[in-house]
Engineer: 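Sharing a structure, written as structure tokens. Questions coming.
This one's a predicted model, so the numbers in the text were calculated from it and none came from an experiment. In each ligand, atom 1 is the first atom listed, and ligand 1 is the first ligand listed.
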Amino acid sequence: MKIAGIQKVTLLDFPGKVACTIFTQGCNFLCPFCQNSSLIDINKDGEISKEELFAYLNLRKKILDGVVITGGEPLIQKDIKNLLRAIKELGLLIKIDTNGSNPELLMEIIKENLVDYVAMDIKNTFDKYEKTIGKKTNLENIKKSIDILKKSKIDYEFRTTVSKELHSLEDIKEICTIVGKESKYYLQNFEDSPDVIDHSLHGFSHDELLLINKYLKESFPNVEIRALS
Ligand code: SF4
């Protein structure tokens with residue numbers, strides 16, 4: 001288990017909960033808009049031991065509602081289930097952020113009640129997926145993960161980081177069709193930062209996002225723009 005770091009307390013990452021965020025090291029995608037690109041390298045070691053993590057969680061378990069596990073991609077960590085079990089034994093809720101590339105493990109942790117909330121990225125329409133993640137991937141796995149979440153009884157959301165260069169309005173509408181009217185679906189605007197891989201990308205303007213939201217809402221009432229400032 002490679003833990004790159006923790007954010008001791010967050011009110012933003014787990015909807016309605018006070019949480020600690022755990023960042024895992026390593027990802028199997030190479031998204032040009034990744035805000036955590038220093039966490040992509042699979043060969044890099046973690047910086048925090050499980051002992052250090054659990055010393056903190058034990059100390060703070062009474063003020064925390066839960067833990068968010070993000071990355072990197074948490075579901076490529078070989079011993080992730082042991083981590084989830086140990087967190088559950090503390091009585092904490094668990095949210096996992098995933099890119100959806102490991103549907104078998106996703107199914108297992110849902111069936112074994114090791115997760116309470118899943119946020120899955122849908123990077124783009126399937127036609128544009130590999131361009132958007134910077135790598136080849138098995139699209140069937142992404143489709144299976146979407147299906148697993150839609151059929152599950154746990155709380156979940158889908159989300160897409162949108163940029164002008166990678167996402168047209170028609171692409172976003174097509175992703176809405178993929179996630180369906182019943183699913184919570186969030187659009188997150190691309191923001192440049194030192195950790196981003198491709199600095200030539202641009203987010204949409206405030207007004208453009210409002211127009212996109214208005215257009216989509218007519219058919220997809222559960223679409224929201226996240227963190228529109
Ligand atoms: S899947 Fe997430 S962590 Fe991995 S490269 Fe893409 S944005 Fe970064």
Engineer: Salt bridge check: are Asp97 and Arg159 linked by an N-O gap of less than 4.0 Å?
Structural biologist: yes
Engineer: Can a cation-pi geometry be assigned to Lys143 and Phe126, taking NZ or CZ under 6.0 Å from the six-membered ring centre and within 45° of the ring axis?
Structural biologist: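 Yes - Lys143 lies over the ring of Phe126, closer than 6.0 Å to its centre and within 45° of its axis.
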Engineer: Between the side chains of Lys88 and Asp116, is the shortest nitrogen-to-carboxylate-oxygen separation below 4.0 Å, so that they form an ion pair?
Structural biologist: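 Looking at Asp116 and Lys88, the cut-off is met.
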Engineer: Suppose the cut-off is 2.8 Å; which protein N/O/S atoms would you list for atom 8 (Fe) of ligand 1?
Structural biologist: Cys34 SG
Engineer: Does Lys81, at its NZ atom, have more than 12 non-hydrogen atoms belonging to other residues, nucleotides or ligands within less than 6.0 Å?
Structural biologist: yes
Engineer: Rounded to the nearest 0.5 Å, how far apart are OG of Ser145 and CD of Glu104?
Structural biologist: 8.0 Å
Engineer: Look at atom 2 (Fe) of ligand 1 and say which protein heavy atom is nearest, naming residue and atom and giving the distance to 0.1 Å.
Structural biologist: Lys123 NZ, 3.8 Å
Engineer: Are the charged groups of Lys150 and Glu182 less than 4.0 angstrom apart, N to O?
Structural biologist: no
